[in-house]
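Within every chain, numbering begins at 1; the chains are lettered A, B, ... in the order of the sequence lines, protein sequences first and strands thereafter. The structure displayed is predicted, hence computed values, not measured ones.
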Number of protein chains: 2
Amino acid sequence: MTADPLIDRLIEIVGPAAVLTEAADMAPHLEEPRGLFHGKARAVVKPASTDEAAAVVAACHGAGVPMVPQGGNTGLVGGNVPFEHGREVVISTARLNRIRDLDPVNLTATVEAGVILADLQSAAADADCLFPVSLAAEGSCQIGGAIAANAGGTGVLRYGNMREQVLGLEVVLPDGRVWTGLRRLGKDNAGYALRHLFIGAEGTLGLVTAATLKLYPKPVATATALCGLDALDKVTALLRHARAWSGDAVTAFEFLPRFGVGITCRHMPGCTDPLEAPWPWYVLIELSSPRPDAGGDGGVREDLEGLLAEALETDMIGDAVLAESLDQRDALWRLRESLPEAQGFEGGSIKHDVSLPVSSIPAFIARADAAVAEAMPGIRPCPFGHVGDGNVHYNLTQPEGLDKAAYLARWDEINRIVHDIVTDMDGSVAAEHGVGRLKVGELERLKAPVELEMMRTIKHALDPAGLFNPGKVVV
Amino acid sequence: MTADPLIDRLIEIVGPAAVLTEAADMAPHLEEPRGLFHGKARAVVKPASTDEAAAVVAACHGAGVPMVPQGGNTGLVGGNVPFEHGREVVISTARLNRIRDLDPVNLTATVEAGVILADLQSAAADADCLFPVSLAAEGSCQIGGAIAANAGGTGVLRYGNMREQVLGLEVVLPDGRVWTGLRRLGKDNAGYALRHLFIGAEGTLGLVTAATLKLYPKPVATATALCGLDALDKVTALLRHARAWSGDAVTAFEFLPRFGVGITCRHMPGCTDPLEAPWPWYVLIELSSPRPDAGGDGGVREDLEGLLAEALETDMIGDAVLAESLDQRDALWRLRESLPEAQGFEGGSIKHDVSLPVSSIPAFIARADAAVAEAMPGIRPCPFGHVGDGNVHYNLTQPEGLDKAAYLARWDEINRIVHDIVTDMDGSVAAEHGVGRLKVGELERLKAPVELEMMRTIKHALDPAGLFNPGKVVV
């Protein structure tokens, strides 16, 4: 028995080893990966089954105690960590980690919320299938968190966001009732599409405990290239060209600026620029195909060669290198994936995760670059990301020589400048990382009142006591 | 001035020509296409702009008058027609018929709710794009209705349902406020995915006035074949084989029974069976590709030949015919598309629009055939449809010689037998046609109470006065 009857009840439900109350034990669950927020909690509790999760939620609900659902705690907007006041209970999905079913005939998998994304990818591959959501944190992020965040990543151009992979959900509602909506149907119009309420809601409407997800035939052949471009507006022309040339085979289309390639090659071991001369812009393009003959003549390799040859001829690109081996492919991807880490070596970075209509991206970057340079001369823009989806990580490295803390102190001011431009150009200020705690204020500032009212209406209807991840997404 | 102040107000908003109150004028708006329901209305009103639509809704809301949104009135479950009591106002979207924007660079179109589906398909094709939702009623159904119904059709296997095409919506909420959510972004996690509430809600949560939709590169080559199979379980094997062989190129995969092909060839002018011998089951398979070289060597034609040759060799299919011309392609599709009409010549038809996990379809049909034959000896099952999506139109033609009215009088009883089997096998009793008025009772009977409660919670939150299409979907 502890001095806290709620803790006693939680221990009764999940056992003493699964209720953490010591500061040291709770620590990994209280701070988000960038260190932007440092929370406190009354306890961290780890149910191992849907029944346990439902009982935990019912107990907290009965006691009027707010709850924070947490997966791998890799989110970048503070949606997955508790506030500083310490009254919240963190519900970790880590022990809900079974793959309940993987069905290569129907191309579906039913998995619990705590399954690590990379583990699902591997299990799918072992069954000659593909689970297509792929992102930097895949080695530690969990499926439930990826659903709550509607995770994006590098596969969205071809396969869609996490939302598009979800056929059905099992959810513990804010009062502890369980909704079992684990369907695996291609068509189902029997009532409202309730699953879409929970996808991307960042744990504010309930606790996802399991999901039925789509799988795809596994690609058997992949071809990857890095291209150098002399102007940003050629990036969107190249995208159109690639999709027209090879249709659905374009499975990745990422862009990088010279500054980003430069700092990555400077700071990250094993990263080199494979092109002879420097180019203002780079595009990493990958084709892949599940067709058994895709590795041979007429396959993706030949396709990529053909489309790059025509792009060179029409001056759409200035140079290109094709990966000749798996190692070379990994090296090209490492250039792209090491960029966020490389930025750390250049001082502070003020970040934006925005999206725009694809064709507006060159104009957006020009406008934003000019506006932030006016606000802070010497600031070093490093926009990169999933340009095929219209998603730009508009990151800004600090001016050389400036104090890092002084730079980061201007985070909100710079955010507002960039977000105003995004909003003016019909973009989103929260493309794939979500809102969490970080962008609640910006949403209130920028969203139409009627949309905020609708969000509050939904929140209040499904969580009338306001106990599920309060203060996140919508207030 | 009329004797009805609400009518006066509606005339003030949209003009006298756009407010119908005479029985003869209203008639086409009061009966659904199968003649299952014959409603009455206080008026049919046709706003020509979003502002007018908002004012109409506000006026009805202020007067406490229930409203029925209506598009092309092609729905098959009575969701789009008013009840018999005559107190409802029908709001027709017919005059909201502008294509506001069609953008081949971003592959998006923004269209008003009253645009005819076939008109959007044509406009997209003129811009070398594809709008992929295709269904029997496309010549008269409207985009707003297709969104409200989350329309399916023959393109779902490759492109998804209507839901998957919707990037953004403009909606008049039940109290007359307008939500402008016309985004055209590939990624947007700035708050709840409100659009998904209205897609498939059949007009019970608001009036969709416009949408931003996805377009795709236009297929430049198509190859179509009809195959004969000696056993139903080979249908799913053939689907797997086709998808493994040609990946995303499989854009249609429809199945038909011998009975269906037989009555279609007997009753429908111009329909003939292109295979030499009769087969118990038929599959219409189509590959298409947007690749510029898809018409030549290594293109979809060669693909289809290759996959059929292997299917013949492994006894997956017994015979096949490839369309050698556009006329022959049309003839193959006509066999499939004329089937529902052909059934009319054989007497009454009790219909089911169900979906199951694809691999369960052979077992479902065997169970359902046995159960309905026990309930009514001589009943003639005619299951057909989009088997690639797990969607079966499990239609039952009456026994020969039975009185049609006596047969149709057993509609509900037979429905319950079939729906119980569907539910037991984790399927949906409303796959692509929706719930409307026809299946409200079945949903209440078969859905888990917690899911019905969630639906009622959402309905009450967004339409607290209960004035939007009351009595449909959820009661």
Side-chain angles (χ1 to χ4, degrees), chain A residues 105-106 149-150 152 156 161 164 177 179-181 184-194 196-197 199-201 217 240 243-248 289-292 298 355 357-359 389-391 427-435 443 447-448 450-451 454-455 457-458 461-462 473-474, chain B residues 105-106 149-150 152 156 161 164 177 179-181 184-194 196-197 199-201 217 240 243-248 289-292 298 355 357-359 389-391 427-435 443 447-448 450-451 454-455 457-458 461-462 473-474:
Chain A
V105 178
N106 290 304
N150 184 24
V156 175
N161 294 285
E164 280 76 42
R177 285 177 301 161
W179 171 52
T180 305
R184 44 190 188 131
L185 303 170
K187 289 181 176 171
D188 179 19
N189 282 338
Y192 301 154
L194 299 171
H196 285 292
L197 283 168
I199 304 165
R240 286 179 67 194
R243 295 185 81 178
W245 188 278
S246 51
D248 294 321
S289 169
R291 293 170 50 125
S355 63
V358 176
S359 64
D389 317 311
N391 182 193
S428 170
V429 302
E432 62 171 7
H433 298 163
V435 178
L443 243 58
K447 270 216 184 275
V450 69
E451 185 158 335
M454 287 166 74
M455 287 173 56
T457 297
I458 295 297
L462 291 176
V473 184
V474 62
Chain B
V105 179
N106 291 304
N150 185 26
V156 175
N161 294 285
E164 280 74 43
R177 285 176 302 161
W179 171 52
T180 306
R184 45 188 188 132
L185 303 171
K187 290 182 177 172
D188 179 19
N189 282 337
Y192 301 152
L194 299 170
H196 285 293
L197 282 169
I199 304 165
R240 286 180 67 194
R243 295 184 81 178
W245 188 279
S246 52
D248 294 321
S289 169
R291 296 171 49 127
S355 63
V358 176
S359 64
D389 317 311
N391 184 191
S428 171
V429 303
E432 64 171 6
H433 298 163
V435 179
L443 244 57
K447 269 214 185 276
V450 68
E451 185 157 336
M454 287 166 73
M455 287 173 56
T457 298
I458 296 297
L462 291 176
V473 184
V474 62

Asks: Side chain, backbone, both or neither: which part of B:Ala431 has an atom under 4.5 Å from a heavy atom of chain A?
Replies: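 For B:Ala431, heavy atoms of backbone and side chain both lie under 4.5 Å from chain A.
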Asks: Considering only heavy atoms and a distance below 4.5 Å, find which of A:Ile199, A:Val473, A:Asn391, A:Leu462 pairs most often with chain B.
Replies: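 Highest number of pairs under 4.5 Å: A:Asn391.
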Asks: How close do A:Asn106 and B:Pro357 get, heavy atom to heavy atom, and via which atoms?
Replies: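 Distance-wise, the nearest heavy atoms are OD1-C, 3.6 Å.
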Asks: Examine whether an atom of B:Val105 lies under 4.5 Å from a heavy atom of chain A, and if so say whether it belongs to the side chain, the backbone or both; otherwise answer neither.
Replies: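 Contact with chain A involves both backbone and side-chain atoms of B:Val105.
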Asks: If you count heavy-atom pairs within less than 4.5 Å of chain B, which of A:Arg243, A:Glu451, A:His433, A:Glu164 leads?
Replies: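 The candidate making the most pairs under 4.5 Å is A:Glu451.
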Asks: Quick one: of A:Ser359, A:Pro217, A:Ala461, A:Gly390, who has the most non-hydrogen atom pairs under 4.5 Å with chain B?
Replies: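 Of A:Ser359, A:Pro217, A:Ala461, A:Gly390, A:Ser359 has the most heavy-atom pairs under 4.5 Å with chain B.
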Asks: Using non-hydrogen atoms only, which part of B:Arg240 is less than 4.5 Å away from chain A: side chain, backbone, both, or neither?
Replies: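 For B:Arg240, the contact with chain A is made by the side chain alone.
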Asks: So what's closer than 4.5 Å to chain A heavy atoms on B:Val358: side chain, backbone, both or neither?
Replies: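 Both parts, backbone and side chain.
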Asks: With chain B as the partner, which of A:Leu194, A:Val474, A:Val156 has the greatest number of non-hydrogen pairs under 4.5 Å?
Replies: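 Top option by heavy-atom pairs under 4.5 Å: A:Leu194.
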Asks: Who among B:Asn189, B:Asp188, B:Val450 has the most heavy-atom pairs with chain A under 4.5 Å?
Replies: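 The option with the most such pairs is B:Asn189.
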Asks: Please classify the contact between A:Ala201 and chain B as side chain, backbone, both or neither, with a heavy-atom cut-off of under 4.5 Å.
Replies: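 A:Ala201 touches chain B through backbone and side-chain heavy atoms alike.
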Asks: Supply the atom-to-atom distance A:Leu185 CG to B:Ser355 OG, rounded to the nearest 0.5 angstrom.
Replies: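 That separation rounds to 4.0 Å.
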Asks: From B:Ile458 CD1 over to A:Thr457 OG1, what is the distance, rounded to the nearest 0.5 angstrom?
Replies: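 If I round to the nearest 0.5 Å, the distance is 10.0 Å.
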Asks: Is the backbone of A:Lys187 close enough, under 3.5 Å, to the side chain of B:Asn161 for a donor and an acceptor to pair up by distance?
Replies: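 Answer holds: no.
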Asks: State whether the side chain of B:Lys447 and the backbone N or O of A:Ala190 hold a donor-acceptor pair below 3.5 Å, judged by distance alone.
Replies: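 A pair under 3.5 Å: yes.
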Asks: Show the nearest heavy-atom pair for residues A:Gly191 and B:Val435, with the distance to one decimal.
Replies: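 So the two residues come closest at N-CG2, 3.6 Å.
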Asks: At their closest point, which heavy atom of A:Tyr192 faces which heavy atom of B:Met455, and how far apart are they?
Replies: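 For A:Tyr192 versus B:Met455, the nearest heavy atoms are CE1-O, 3.5 Å.
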